[in-house]
Amino acid sequence: MNQTTNTSSGFIRLSLALALAALTALPAWAANLRWDNAPATDGLQDGAGNWSNQASLTNWWDGVQNVAWSPGATAVIGSNLTAAATITLTNPLVVGGIIFSNIPVTGTATYTLASGSGGNITLTGSPATILSAVNYPAAAIGVGANETISASVVATGGLQVASMTPWQAQVSFNNASNYIAGTMEVGTPGNGSYTTPTAMQAQFNSSGIGTNSLNGCNTMIIHSNASVLFRGGAGAFTFNWPKKFIVSGDGIPSSSFCFGALSFSGNNGTVFPADIQLAGDSTVVGVWGVNNVIFTNSGSISGTGRLRFCSSANRPTSGTIIFKGKHTYVGDTIFDGTITVQLASGLDDRLPSGTNLKLGTTGAFYAPNPSGIPQSSWNGYGRLVLGDGAGAVNQTLAGLTNDSTLNTTCWVVGGNANAISMLNINNASDCTYNARLGGTAATDKMLGLVKSGAGTLYLQGTNLCAGGYTIS
């Protein structure tokens with residue numbers, strides 16, 4: 001029977017109390033039970049073990065004594081872990097919430113909640129809550145806590161994943177089948193200042209990511225200073241659930257890893273049919289971790305805010321995003337970080353006709369990586385292709401500019417070898433574009449330019465447009 005607690009455990013309880021007091025936006029917690037993998041040893045002990053409803057397994061400390069798991073209690077996991085450890089669920093469990101509260105002695109030791117003989121986690125609450133209150137004082141610069149849940153998660157009242165930590169917290173969902181009803185929320189609202197203690201990333205890592213990883217979920221809200229990364233397995237995958245993503249930030253600028261509010265990693269042919277609603281200036285990383293992919297976004301992008309589409313920073317990737325939806329958001333647009341955006345045939349003005357488009361960015365850095373080198377997913381060219389093999393596309397923009405130092409790698413070109421796509425720049429204010437329009441390739445040159453509006457458009461790059469140049 002565990003009779004005493006050590007100094008580190010006491011410090012954890014204090015940190016946890018402060019975290020819960022700060023996160024007033026989260027729902028009320030059930031009674032806390034803290035993980036103890038060695039009930040016969042004095043003091044809370046971290047490490048691997050089995051999580052079960054069996055009365056004989058008294059791996060949970062209630063503040064007075066070690067007890068068996070009580071369905072509906074909040075699981076507090078982590079005290080002073082020294083090496084990565086796995087807690088195996090040996091049967092289905094009902095849990096009132098999960099709090100990761102580890103302060104490892106060295107490094108970034110983390111926990112994994114794994115499924116044993118049919119073990120899964122049913123989280124109660126509306127919404128249910130997973131909170132990261134970890135602290136990694138020995139971690140390198142730019143490193144975050146990455147706790148893993150490989151057991152299936154069921155949350156019939158929705159789910160919020162949040163953090164209260166001086167590091168960038170991460171929770172990875174690695175099961176191919178989860179059920180999260182209604183809304184999943186990542187981060188906490190009102191964090192537009194990007195303060196580090198609430199930085200949160202959720203990852204979905206599974207070869208079945210497009211099938212059952214988010215059953216039941218119809219809306220995902222990603223707050224400022226928060227991020228969601230979808231990492232598919234081998235081969236192309238399709239997100240075949242009807243989802244709406246509400247995003248309101250650029251990810252976690254204090255991290256060298258979580259640099260976009262919404263990021264995708266998958267192989268060539270991946271399709272994302274969900275809609276995106278901008279609730280403020282936001283960044284979407286369309287190509288993360290897999291190089292030279294073609295990724296299709298068939299949903300619409302609406303809302304208000306600047307939209308940035310880019311590739312990843314700490315994964316040297318570039319690729320093409322095909323837009324097949326009708327986008328109506330109100331705000332400027334940036335394509336950079338070595339990304340190419342292609343507007344599919346079949347509909348003109350897939351981008352908002354009132355948006356100002358900028359291609360390419362240099363000199364934009366945020367957090368350093370573990371070696372201390374500043375990172376940026378934004379640095380690099382941006383490109384726009386109008387049309388595809390099935391036909392041409394016309395697009396009106398309220399302005400066109402580019403990073404002046406990337407004039408040889410940024411461009412706007414045609415996409416169909418037999419039909420001219422028309423680019424109409426209807427600018428009210430003056431703008432300068434010194435990158436390429438059109439080109440010598442069979443499809444690139446199939447572009448025409450129409451200049452309208454009261455502003456002046458200064459073209460200072462190479463312009464090879466088979467469709468000519470018209471001032472109206």
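No hydrogens, no waters, no symmetry mates; every other heavy atom, side chains included, goes into these values.
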Leu464 and Lys445: side chain to side chain contact (heavy atoms under 4.5 Å, CB included), yes or no, with the steps? CA-CA 6 Å; Leu464 301 169; Lys445 66 183 180 181; 5.6 Å; no
Going through the distances and angles, do Phe230 and Leu214 end up as a side chain to side chain contact (heavy atoms under 4.5 Å, CB included)? CA-CA 11 Å; Phe230 292 98; Leu214 276 172; 3.8 Å; yes
Please report the C-alpha distance between Gln395 and Asn424 in whole Å, then the side-chain angles of each, then the deciding distance to 0.1 Å, and finally whether the side chain to side chain contact (heavy atoms under 4.5 Å, CB included) criterion is met. CA-CA 6 Å; Gln395 177 66 54; Asn424 180 10; over 6 Å; no
Going through the distances and angles, do Ser172 and Asn146 end up as a side chain to side chain donor-acceptor pair (under 3.5 Å)? CA-CA 7 Å; Ser172 293; Asn146 188 8; 2.9 Å; yes
I would like to know whether Thr443 and Val413 meet side chain to side chain contact (heavy atoms under 4.5 Å, CB included); could you show each step before the answer? CA-CA 8 Å; Thr443 56; Val413 298; over 6 Å; no
Checking Asn434 against Asn402 for the side chain to side chain donor-acceptor pair (under 3.5 Å) test, could you report, in this order, the C-alpha distance in whole Å, the side-chain angles of both residues, the deciding distance, and whether it holds? CA-CA 7 Å; Asn434 77 337; Asn402 67 284; 2.6 Å; yes
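A salt bridge does not link Arg308 to Asp332: none of the charged side-chain nitrogens sits closer than 4.0 Å to a carboxylate oxygen. One finds a salt bridge joining Arg436 and Asp444 here, because a Lys/Arg side-chain nitrogen approaches an Asp/Glu carboxylate oxygen to under 4.0 Å.
Here the side chain of Asp336 pairs no donor or acceptor atom with the backbone of Gly382 at under 3.5 angstrom. Side chain of Gln342 to backbone of Val385: no donor-acceptor contact under 3.5 angstrom is found. The backbone N or O of Gly260 sits less than 3.5 Å from a side-chain atom of Ser227, completing a donor-acceptor pair. Between the Tyr469 side chain and the Asn463 main chain, a donor and an acceptor come within less than 3.5 Å of each other. A donor-acceptor distance shorter than 3.5 angstrom exists from the side chain of Asn178 to the backbone of Val153, with no hydrogens or angles considered. A donor-acceptor pair under 3.5 Å is absent between the side-chain atoms of Thr362 and the main chain of Asn379, judged by distance alone. No donor-acceptor pair closer than 3.5 Å links the side chain of Thr328 to the backbone N or O of Gly303. Proximity of a side-chain donor or acceptor of Ser263 to a complementary backbone N or O of Leu229 within less than 3.5 Å is not detected. Under the 3.5 Å distance criterion, the side-chain polar atoms of Lys326 are left unmatched by any main-chain donor or acceptor of Leu351. At distances below 3.5 Å, at least one donor-acceptor pair connects side-chain atoms of Ser421 with backbone N or O atoms of Leu386.
Residues Met446 and Asn418 come closest through the heavy atom pair CE-C, 3.7 Å. Of all heavy-atom pairs spanning Ala398 and Gly354, the tightest one is CB-O, 3.4 Å. The two residues Ser152 and Ser177 make their nearest non-hydrogen contact at OG-O, 2.6 Å. Of all heavy-atom pairs between Ala226 and Gly187, the closest is CB-CA, 4.0 Å. Minimum interatomic distance between Val271 and Ser298 (heavy atoms only, all atoms of both residues): CG1-OG, 4.2 Å. Between Cys465 and Gly448, the shortest heavy-atom distance links the atoms CB-CA, 4.4 Å.
Distance check, rounded to the nearest 0.5 Å: CG of Asn426 to OG of Ser353 gives 8.0 Å. For the atom pair Ser452 OG and Leu457 CG, the distance stands at 10.0 Å (nearest 0.5 Å). The CG atom of Leu384 sits 11.0 Å away from atom SG of Cys410, with the distance rounded to the nearest 0.5 Å. Taking OG1 of Thr401 as the start and CG of Asn356 as the end, the distance is 7.5 Å to the nearest 0.5 Å. One distance of note links CG of Leu131 with CD1 of Ile98; it measures 11.0 Å at 0.5 Å rounding. Atom-to-atom distance recorded for Cys431:SG and Leu400:CG is 6.5 Å, nearest 0.5 angstrom.
Between the side chains of Lys451 and Asn427, at least one donor-acceptor pair of N or O atoms lies under 3.5 Å. With no hydrogens or angles considered, no side-chain donor-acceptor pair links Asn416 and Asp388 at under 3.5 Å. In this model, a donor atom of one side chain and an acceptor atom of the other lie less than 3.5 Å apart for Gln170 and Gln203. No hydrogens or angles considered: a donor-acceptor pair under 3.5 Å links the side chains of Thr333 and Thr355. The closest side-chain donor-acceptor pair between Thr283 and Asp250 falls under 3.5 angstrom. Under 3.5 Å, the side chains of Ser300 and Asp275 contain a donor-acceptor pair of N or O atoms.
Between Ile121 and Leu113, some side-chain heavy-atom pair lies under the 4.5 Å cut-off. When side chains are defined from C-beta on, Asp349 does not count as touching Val393, because their heavy atoms never get closer than 4.5 Å. Using a 4.5 Å heavy-atom cutoff, the side chains of Phe335 and Ile321 are not in contact. Contact check for Leu307 versus Val284: side-chain heavy atoms found under the 4.5 Å cut-off. Using a 4.5 Å heavy-atom threshold, the side chains of Gln277 and Lys244 count as touching. The side-chain heavy atoms of Ile246 and Ile222, taken from C-beta on, include no pair separated by under 4.5 Å. Contact check for Tyr111 versus Ile87: side-chain heavy atoms found under the 4.5 Å cut-off. Within the 4.5 Å cutoff, no side-chain heavy atoms of Leu343 are placed close to those of Asp348.
In summary, the aromatic rings of Phe264 and Phe272 are positioned with their centroids under 6.0 Å apart. For Phe309 and Phe323, the ring centers are positioned less than 6.0 Å apart.
In summary, of the residues considered (Thr112, Thr148, Asn205), a side-chain hydrogen bond (donor to acceptor under 3.5 Å, both in side chains) with Asn174 occurs for Asn205 alone. Tested against Thr405, the residues Thr409, Asn407, Asp403 include a single side-chain hydrogen bond (donor to acceptor under 3.5 Å, both in side chains) partner, Asp403.
Heavy-atom neighbours of Lys324 NZ from other residues, nucleotides or ligands within 6.0 Å: at or below the threshold of 12.
Using a 30° and 60° split on the angle between ring planes, His327 and Tyr329 fall in the tilted class, from 30° to 60°. Between Tyr381 and Trp411, the two ring planes are parallel [angle under 30°; tilted spans 30° to 60°].
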